[in-house]
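Report on the following structure.
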Amino acid sequence: MQVQMPQRPGPHGTAVIHAPDRAPAQQADDCAIVIFGAFGDLTKRLVMPALYNLARTRILPENFAIIGVDVVEGTAESWANHLHEMLLSFVGNANSEFNIDAIDEALWGSLSARMSYVQGDITKPEVYEALAAELETASAKYDTVGNAIFYLAVGDRFFGDVVDRLGGAGLADQQRDETGAAKRWRRVVIEKPFGHDLASAVALNARILRSLHEDQIFRIDHFLGKETVQAIMAFRFANGLFEPLWNRDRIDHVQITAAETVGVEARGAFYEVTGAMRDMVPNHVFSLLAMVAMEPPATFDAAGIRNRKAEVFAAMPPLPADAVVRGQYGAGAVSGVAAVPYRTEPHVDPRSNTETYVALRVEIDNWRWAGVPFYLRTGKHMASRMTEIAIRFKPAPLAPFATTAVDETRPNWLVIRIQPKEGISLQFDIKRPGPSFQLGTVQMNFAYADWFLKEPNIGYETLIHDVMVGDATLFNRADMVEAAWRVVQPALDAWTTDKSAPQIYPSGSAGPTDANALLAADGGRAWREV
Ligand code: BG6
């Protein structure tokens with residue numbers, strides 16, 4: 001396949017070195033995708049736009065069908081119209097990740113022509129009989145050769161039941177060739193939250209593994225679909241420069257921040273029983289941490305990479321409650337707009353102690369990281385929206401010149417910006433121009449937007465394509481999910497018993513002040529600005 005070159009110069013007019021915009025994609029297998037929760041929020045905001053994008057970039061298989069399943073009264077036509085309206089709302093919508101100029105109606109037409117709809121209650125066996133018939137029809141009509149993805153875009157309380165019923169109806173059965181590889185494959189995509197705690201995650205794994213083999217299960221963590229998250233591996237392992245510095249000898253500590261300006265919005269009922277820790281930490285934030293902390297894999301395939309990530313979680317001691325600070329947003333203003341306290345949000349208990357912010361200090365007890373703290377924080381209604389990984393290097397051991405005090409030097413930071421303004425920056429000290437010898441701190445910045453043409457992308461495209469080609473690298477394996485819950489479980493248990501309240505922080509701030517003490521106690525460290 002031909003490598004495309006960007007159509008624009010590099011930053012500040014420099015010539016572009018060979019930077020292909022988009023890697024060629026592996027051709028996906030012919031298949032049908034069955035979306036449970038067809039009329040749901042996730043389907044219209046993320047799954048369908050991602051399918052549209054895959055069609056736009058010609059990555060969908062030639063023989064393809066989309067089957068929606070939901071309790072809502074509807075037909076293939078009404079479902080397609082509903083999704084079309086949602087796509088239209090993205091046009092020119094600067095607030096959306098998926099900001100498109102126009103919908104390619106011919107393309108949409110070719111997709112919607114392949115859509116069918118099964119109406120019914122997903123907890124009842126009849127739906128699965130109807131679905132089996134629909135899959136047969138799709139196979140005959142669109143040549144999907146029996147391959148099917150079951151995408152569970154439904155509430156987590158349905159995960160176990162739907163998988164049981166898929167298994168019971170024989171819909172999860174695969175045909176294998178003489179080498180044992182799946183010939184007619186069946187794959188199940190499971191959204192988060194995968195379990196509510198360690199015990200429920202273990203139980204859910206055991207339950208779905210009665211109907212499915214591990215290689216049929218794709219547990220999604222959408223953070224892993226973000227380009228910059230995947231880029232961390234390339235940054236670390238495709239360059240000889242950084243790896244020798246990537247350890248306890250040179251790194252002082254790591255800060256990972258996932259700050260959001262949004263509040264809980266319409267999700268109060270879900271959030272009340274979930275909270276920031278369960279919603280973000282053992283999944284999204286740990287996924288970022290694993291990318292930074294993992295050892296180089298022996299093989300760059302799903303098994304090699306997932307083994308290395310699992311080792312990171314296994315090396316993390318269970319989190320004591322005093323290594324965690326909880327916060328909850330109060331009144332304030334976010335981006336200049338007045339914001340209400342969490343406790344007055346719809347479907348939220350006015351005395352709720354659910355945390356909307358959490359900051360924690362974790363350790364990784366292995367040879368690379370022993371003694372290097374990883375500080376993690378995530379929160380809603382914060383001062384700005386930014387997700388970043390910041391690596392602080394140890395200071396120079398001596399003052400560079402007699403006239404310069406060591407404490408005049410500023411730390412070296414390597415910052416990997418996940419969103420927005422994706423890129424990487426390196427901060428270092430340099431001499432200021434002028435006759436006296438004074439230091440100044442500068443940054444070398446790489447911005448994705450300067451080098452690559454960014455296409456409308458919501459992050460699910462890569463993940464859905466990976467399911468179609470059977471690549472589980474970016475999905476979580478059963479043992480990884482359980483290991484991550486194991487780390488946070490002691491803190492969750494402590495909150496259940498001690499009933500203490502999280503510290504209230506003003507909406508639009510950097511979070512609760514208690515979180516500062518977490519770092520200050522470790523030799524006066526401080527959080528980076530949000
Ligand atoms: C979801 C959480 O998984 O991730 C949300 O349930 C959160 O509460 C979201 O807002 C953050 O994802 P992103 O891609 O918007 O940073």
Side-chain angles (χ1 to χ4, degrees), residues 6 8-19 228 231-232 234-236 238-257 259 292 335-336 371-375 377 382-452 508-511 513 515-516 518-530:
R8 60 167 96 176
H12 316 302
T14 55
V16 167
I17 319 172
H18 298 284
T228 14
I232 300 169
F235 181 72
R236 287 189 56 196
N239 298 295
L241 181 60
F242 306 105
E243 208 46 28
L245 308 177
W246 215 262
N247 57 54
R248 63 193 303 274
D249 295 335
R250 298 304 330 141
I251 293 178
D252 179 72
H253 74 274
V254 178
Q255 294 187 17
I256 302 182
T257 302
V292 177
S335 316
V372 180
F374 281 66
Y375 301 104
R377 66 183 158 160
M382 293 185 68
S384 66
R385 172 177 180 248
M386 68 110 155
T387 304
E388 69 166 33
I389 299 167
I391 296 160
R392 179 171 165 159
F393 290 89
K394 290 188 171 165
L398 285 174
F401 299 96
T403 51
T404 318
V406 165
D407 59 9
E408 216 182 290
T409 62
R410 302 278 306 278
N412 295 126
W413 284 101
L414 177 73
V415 179
I416 303 173
R417 187 57 101 105
I418 309 295
Q419 62 188 20
K421 300 199 176 80
E422 295 87 343
I424 297 177
S425 77
L426 180 64
Q427 173 177 298
F428 55 90
D429 274 354
I430 195 73
K431 181 190 167 296
R432 287 176 190 274
S436 64
F437 197 95
Q438 280 181 9
L439 294 179
T441 303
V442 296
Q443 285 175 358
M444 248 166 26
N445 288 320
F446 151 67
Y448 257 84
D450 287 341
W451 290 91
F452 301 99
S509 70
T513 49
N516 299 338
L518 199 64
L519 272 73
D522 288 349
R525 293 183 179 123
W527 290 107
R528 290 167 56 79
E529 207 174 309
V530 177

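Side chains are part of it too, since the values below use all heavy atoms of this structure and drop only hydrogens, waters and symmetry mates. Here the structure is a predicted model, which is why all the values come from computation and not from measurement.
The aromatic ring centroids of Trp413 and His253 lie less than 6.0 Å from each other.
Panel note: side chain Ser384, backbone Met386; no donor-acceptor pair is recorded below 3.5 Å. Under the 3.5 Å distance criterion, the side-chain polar atoms of Gln255 are matched with a main-chain donor or acceptor of Arg528. Looking only at distances, a side-chain donor or acceptor of Asn247 sits under 3.5 Å from a matching main-chain atom of Asp249. Between the side chain of Trp527 and the backbone N or O of Arg377 there is no donor-acceptor pair closer than 3.5 Å. Put simply, the side chain of Lys394 never gets that close to the backbone of Pro397: no donor and acceptor are under 3.5 Å apart.
The heavy-atom pair separating Phe437 from Leu439 by the smallest distance is CE2-CD2, 4.0 Å. Across all their heavy atoms, Arg417 and Thr228 have their closest contact at O-CG2, 3.4 Å. For the pair Ile251 and Trp246, the tightest heavy-atom approach, listed with the atom from each and the gap, is CD1-CA, 3.8 Å. Residues Val530 and Ala259 approach most closely at CG1-CB, 3.7 Å, considering heavy atoms. Smallest separation of non-hydrogen atoms from Asp252 and Pro373: O-CD, 3.7 Å.
In this structure, CD1 on Ile416 lies 9.5 Å from OG on Ser425, to the nearest 0.5 angstrom. Here the CZ-CG distance, from Arg250 to Asn412, works out to 9.0 Å after rounding to the nearest 0.5 Å. Separating the CZ atom in Phe235 from the CD1 atom in Ile424 is a distance of 4.5 Å, to the nearest 0.5 Å. Separating the OG1 atom in Thr441 from the CG atom in Asp429 is a distance of 4.0 Å, to the nearest 0.5 Å. For the atom pair Glu422 CD and Thr387 OG1, the distance stands at 9.5 Å (nearest 0.5 Å).
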**Asked** Could you walk me through whether Val292 and Ile391 pass the side-chain contact (heavy atoms from CB on, under 4.5 Å) check?
**Response** CA-CA 9 Å; Val292 177; Ile391 296 160; 4.2 Å; yes

**Request:** Go through Tyr375 and Thr257 one step at a time and tell me if the side-chain contact (heavy atoms from CB on, under 4.5 Å) criterion holds.
**Result:** CA-CA 8 Å; Tyr375 301 104; Thr257 302; over 6 Å; no

**Request:** Apply side-chain contact (heavy atoms from CB on, under 4.5 Å) to the pair Phe393 and Leu245, showing each step before the final yes or no.
**Result:** CA-CA 9 Å; Phe393 290 89; Leu245 308 177; 4.0 Å; yes

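Between Ile232 and Ile418, the closest side-chain pair of non-hydrogen atoms falls below 4.5 Å. Annotation: side chain of Phe428 is in contact with side chain of Met444 (closest heavy-atom distance under 4.5 Å). The shortest side-chain heavy-atom distance between Leu426 and Phe446 does not fall under the 4.5 Å cut-off. The side-chain heavy atoms of Arg385 and Pro420, taken from C-beta on, include a pair separated by under 4.5 Å.
Within a 6.0 Å radius of CD in Glu529, other residues, nucleotides and ligands contribute 12 heavy atoms or fewer. No more than 12 heavy atoms of other residues, nucleotides or ligands sit less than 6.0 Å from atom NZ of Lys421.
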